[in-house]
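Throughout, protein chains are lettered first and strands after them, A, B, ... in sequence-line order, and every chain is numbered starting at 1. Model, not experiment: these values are computed from the prediction.
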Amino acid sequence: MAKDKKVERITDMDADFAQWYTDVVTRAELIDYSGVKGFYVLRPYGYAIWENIQAELDRRFKETGHENVSMPLLIPESLLQKEKDHVEGFAPECAWVTYGGAEELEERLCIRPTSETLFCEHWARTVESWRDLPKLYNQWCSVLRWEKSTRPFLRHREFLWQEGHTLHATAEEAIEETERMLGVYAELCENYLAMPVTKGLKTDREKFAGAERTYTIECMMHDGKALQNGTSHYFGDGFARAFGITFSDKNNTLQYPHETSWGYATRSIGGVIMTHGDNSGLVLPPGVAPVQAVVVPVASHKPGVLERARELCETLKRAGLRAKTDESDNSPGWKFAEHEMRGVPVRLELGPRDIEGGKCVAVRRADGAKIEIPLEGAAEGVRAILKEAHGIMFARAKARLDENTRVASSLDEVKSIIAEKGGFIVTPWCGDEACEIRMKEDAGVTSRCIPFGQERVGDVCPACGRTADKTVVWGVAY
RNA sequence: CGGGGUGUGGCGAAGCUUGGUAUCGCGCAUGGUUCGGGACCAUGAGGCCGUGGGUUCGAAUCCCACCACUCCGACCA
């Protein structure tokens, strides 16, 4: 029946994971390339995933008291220069505007790579009293970073994200905020994207330019590589001092406030693809799938079939599910393959036999299970299957994370694990950056995080042999 | 930024060595027959051969430069 040579096949993921990824991203119509390197078109299906992530996050931000704002796109060079570490970190990736019309500008303007400086400048003007605090701001926007190598979703030069920026009277309050927002990201990942996360702190070497602490959630992809999927930063009062943000406390003493920022980007969509996808294409978590259930009428030319398919779809929509009917004139087999490739969590096949029996055949993308559900109360049936799908996907990803996280006690062991198996490697660490560099040079791994809930896995740093009091998760990162 | 690969209708390829104005499959449009795992017939539309220069009577083809994509490495807040 299948005529393979006519079929646009996607590359086998075990043969060439990178090519598989590119195939999925383009054939599922998530992304199109543009004329400029690193700039991509997010097509409707890809953008819809982002909109769903956005809606979930935005709701959580508002529940935790944040307000949305919009900051300028351009940053004067002098403003960017104010915080030394920050500018050093970002300068190599800045794109500059130097002309307005035909006139060369007196001061060149950076297209924002991130907006800390803009928020700071604004707060320096508007914050005066402890009564003005905290400031809990967020903005949805795109930023520009002139990356050298680019890949769809994983590393764009321009990417969509949200950046939260907050200002607090005390360090404790700011740290609490930083940890709270990391928790929001982790919750979204696990409960909506079905991606288990490893939460922790970045080492000094890996932290954000200008941050005192950087928190991260790290996810493991299908190929065992790590993807940083959301970070939050605690800045202390460093930026406040650099930008002259002060407030009068209750005792009328001038104080520097403490600042945080946190971001979550379209990169997470790449994470979803590489966590759940398989050789048939995308597998989308029900929580963010643009279409959660697709109704495929079979023998749609026969009287009543199309009508019943539409009715079924309407029933699902009324119940709050994202559903659609595929009324295209492709063959049913073509539609099955197509919607699988696009990762639709549930397919509902409805033909004359089903209508006669008052049921339809549901096929779950995550595991291919075929389940007959009665047309009466179909929404509940679909909802249950979606819930199970999420559970199956999360469990599978969690099992992979657990199976591919290995403890090592020597550098040789780290090397052989990464060469033969990949994944995450957990070791003790003395805390010396030199050892971190050694791990990178000798074994090719970077520290992903110092995980929360430090579990002791040994007493000796594998790189230097000295006493180690920290535990670090290492890996090869995207 | 260094090294490799690629660039020909929307997609995948042939043509390039040996210069003569582009071929095939899929897709697309229209009509018809089909329909439970990528159906079929008929007719038809669609190409500045990545871009710019050069050589030549003549360039998809030869030469130079650039651009983009892709993989590996470096870098990556």
Short N-O contact, A/Arg180 and A/Glu177, less than 4.0 angstrom: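 Counted as a salt bridge, because a side-chain N and a carboxylate O are separated by less than 4.0 Å.
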
Under 4.0 Å between any heavy atoms, over every strand shown, what does [X] touch: base, sugar-phosphate, or nothing? Just pick one.
X        : value
A/Pro92  : nothing
A/Arg347 : base
A/Lys207 : sugar-phosphate
A/Glu338 : base

Identify, residue by residue, the members of residues 354-361 of chain A with a heavy atom below 4.0 Å from RNA chain B, and return them in order of residue number, or none.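 Only A/Asp354, A/Val361 qualify.
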
Would you measure the distance from the [atom1] atom in [N] across to the matching atom in [M] and give it in whole Å?
N      : M      : atom1 : value
B/rG52 : B/rA68 : P     : 16 Å
B/rU61 : B/rA22 : C1'   : 12 Å
B/rC49 : B/rC62 : P     : 15 Å
B/rU43 : B/rC35 : P     : 24 Å
B/rC41 : B/rG37 : C1'   : 23 Å
B/rG54 : B/rA45 : P     : 36 Å
B/rG27 : B/rU6  : C1'   : 22 Å
B/rA14 : B/rG25 : P     : 16 Å

With A/Arg365, which residues qualify under salt bridge (charged side-chain N to carboxylate O under 4.0 Å, His left out), at least two apart?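 Expected list: A/Asp278.
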
Run the salt bridge (charged side-chain N to carboxylate O under 4.0 Å, His left out) test against A/Asp12 and tell me which residues pass, sequence neighbours left out.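 Per chain and number, A/Asp12 pairs via salt bridge (charged side-chain N to carboxylate O under 4.0 Å, His left out) with no residue.
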
Please tell me if A/Ser331 has a side-chain N or O lying less than 4.0 Å from either OP1 or OP2 of B/rA39.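 Yes, such a contact exists.
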
By nearest nucleotide on RNA chain B, pick out whichever of A/Trp334 and A/Ala299 is the more 5' one.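 Residue closer to the 5' terminus by nearest nucleotide: A/Ala299.
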
Let's test this: given Watson-Crick or G-U wobble pairing with both distances under 3.5 Å, identify the partner of [N].
N      : result
B/rC1  : B/rG73
B/rC48 : none
B/rA59 : none
B/rA42 : B/rU30
B/rA68 : B/rU6

Between N or O atoms, less than 3.5 Å apart, protein on one side and nucleotides 2-4 of chain B on the other: list the pairs.
none

Can you tell me how far CZ of A/Arg108 sits from CH2 of A/Trp96, rounded to the nearest 0.5 angstrom?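 Answer rounded to 0.5 Å: 4.5 Å.
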
Considering only nitrogen or oxygen atoms on both sides, find all protein atoms under 3.5 Å from nucleotides 43-52 of chain B and state each distance.
none

Would you tabulate the pairs of protein nitrogen or oxygen atoms and nucleotide nitrogen or oxygen atoms of nucleotides 69-76 of chain B closer than 3.5 angstrom?
from	atom 1	to	atom 2	distance (Å)
B/rC69	OP1	A/Gly38	N	3.3
B/rU70	OP1	A/Tyr33	OH	2.6
B/rC71	OP1	A/Arg151	NH2	3.3
B/rA74	N6	A/Ser149	OG	3.2
B/rC76	O2'	A/Glu93	OE2	3.4
B/rC76	O2	A/Arg155	NE	3.0
B/rC76	O2	A/Arg155	NH1	2.8
B/rC76	O2	A/Arg155	NH2	2.5

Quick one: sort the A/Tyr215 and A/Phe452 rings into parallel, tilted or perpendicular, breaks at 30° and 60°.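 Correct class here is perpendicular.
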
Report the relative orientation of the aromatic rings in A/Phe61 and A/Tyr185; use parallel for angles under 30°, tilted for 30 to 60°, perpendicular for over 60°.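 A/Phe61 vs A/Tyr185 ring planes: perpendicular.
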
Does the Lys NZ or Arg CZ of A/Arg347 fall within the cation-pi geometry relative to A/Phe336 - under 6.0 Å from the ring centre and within 45° of the axis?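 That pair qualifies as a cation-pi contact.
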
Checking side-chain contact (heavy atoms from CB on, under 4.5 Å) for the pair A/Met195/A/His276: CA distance, chi angles, key distance, verdict? CA-CA 9 Å; A/Met195 294 165 71; A/His276 302 301; 3.8 Å; yes

